Amino acid sequence: MAKARVAVLISGAGTNMAALLYAAKAADCPYELVLVGSNDPDAPGLKIAEAEGIATWGLLHKGMNRDAFDALVDAQLRAAGAEFVALAGYMRILSDEFVARWANRMINIHPSLLPLYKGLNTHQQAIEAGDKFGGCSVHVVTPGVDEGPVLAQTPVAILPDDTVETLARRVQFAEHQLYPATLAAFVARERSPDYLRDRVRELAMALPEADEVVSHGMPCFGIVKGKKFAYFTEDHHGDGKIALLVKISGGEEQAMLIELDEDRYYRPAYFGDGWVGIRLDLGDTDWDAIGEWLRKSWLAIAPKKLAGLMGVADEF
Ligand code: GAR
């Protein structure tokens with residue numbers, strides 16, 4: 001399977017970037033680095049990446065407004081064909097627009113056990129608080145600084161005579177182990193059947209009176225004692241696809257969708273014109289759109305009274 005294309009953004013030494021880079025040399029690593037970018041063209045980490053034959057890009061952000069600078073970074077990431085972004089000591093607050101463009105595709109490493117000690121001076125705060133453990137966290141990037149769902153953490157014991165420097169050094173060892181492993185799991189999960197099934201289940205079951213049963217070996221979702229509105233298929237009849245089947249208006253819509261994006265949409269065997277298959281294993285699934293497909297499919301089969309309730313809820 002093709003490796004996921006990752007860009008790394010740094011501001012300084014780039015030791016975490018180096019850890020990601022060396023881990024990517026393993027044949028079974030599910031990602032490769034396609035660009036290392038920085039808001040400081042003299043960041044030492046850029047030299048490490050260059051020496052390893054990775055494309056680099058650096059530009060001083062001073063004097064530019066945040067949106068304009070982030071738009072330039074975004075253009076570089078896209079030109080490099082990046083699918084994911086790993087922030088590794090990138091000490092710049094990102095514009096909301098940039099964060100939105102990379103929603104669920106950008107992660108960050110932070111030297112504390114989040115939610116403790118966001119921002120700077122994390123080790124000092126942990127020592128002063130008398131904590132038994134410092135550590136590091138990798139999290140998905142959302143608009144707030146050092147917020148967003150935590151994917152993985154490593155606690156690092158604080159010794160009685162630790163200084164900020166001695167603790168920081170051990171946390172760095174932990175970071176270099178944690179980040180490559182977490183990035184690998186993060187890029188792989190978008191292709192993992194268990195993860196994809198769980199995401200579909202969460203969205204489908206949030207709809208009113210939804211329930212789940214197994215039909216023809218597939219998890220499927222319907223309205224309690226009513227019709228089905230979605231099927232999750234995994235290698236159905238050996239077709240090699242992981243996909244969601246939802247109801248549509250008919251053959252015309254089906255043909256239109258397939259023409260629009262024939263890699264993503266398909267006519268599901270044995271289901272006829274009233275359904276469309278949406279591939280979930282392409283690595284770039286828009287989960288808001290999947291939520292909307294499920295909602296529309298639910299509405300198509302919901303009894304009038306129940307569908308009316310959804311309409312009322314929508315108005316608020
Ligand atoms: C790392 O310790 C990372 O956790 C931290 O910057 C350091 C970068 O070191 N990041 C943050 O504090 C983000 N809030 P590196 O350049 O050697 O990888």
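Every number for a ligand or one of its atoms is a count from 1 in the order of the listing. FYI, side chains are in, hydrogens and waters are out, and symmetry mates aren't considered; it's all heavy atoms of this structure. Keep in mind that this is a model prediction, so the values were computed, not measured.
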Looking at every heavy atom in both [X] and [Y], which two are closest together, and how far apart are they?
X      : Y      : value
Asp70  : Phe98  : O-CD1, 3.5 Å
Leu113 : Gly134 : CD1-O, 3.3 Å
Tyr266 : Ile278 : CE2-N, 4.2 Å

If the cut-off is 4.0 Å to any non-hydrogen atom of [X], which atoms of ligand 1 fall inside it?
X      : result
Pro111 : 4 (O), 5 (C), 10 (N), 11 (C), 12 (O)
Asp146 : 14 (N)
Gln172 : 17 (O)

Where at least one partner belongs to residues 81-97, residue pairs that pass salt bridge (charged side-chain N to carboxylate O under 4.0 Å, His left out), sequence neighbours excluded = none
In the protein, which heavy atom is nearest to [atom], and how far is it?
atom                    : result
atom 17 (O) of ligand 1 : Thr15 OG1, 2.6 Å
atom 10 (N) of ligand 1 : Ile109 O, 3.6 Å
atom 2 (O) of ligand 1  : Glu175 OE1, 2.8 Å
atom 16 (O) of ligand 1 : Gly14 N, 2.8 Å
atom 14 (N) of ligand 1 : His110 ND1, 3.0 Å

Hey, does Met91 come in under 3.5 Å of ligand 1, counting only N/O atoms on both sides?
-> no
Quick one: does Asn16 get an N or O within less than 3.5 Å of an N or O on ligand 1?
-> yes
Any luck finding a side-chain donor-acceptor pair between [X] and [Y] under 3.5 Å?
X      : Y      : result
Ser137 : Gln153 : yes
Tyr90  : Asn16  : no
Thr122 : His110 : no

Relative to Trp293, does Arg264 satisfy both conditions: NZ or CZ under 6.0 angstrom from the six-membered ring centre, and within 45 degrees of the ring's axis?
-> no
Which is closest to atom 7 (C) of ligand 1 in terms of heavy atoms, Gly12, Ala18, Gly89, Ala13?
-> Gly89
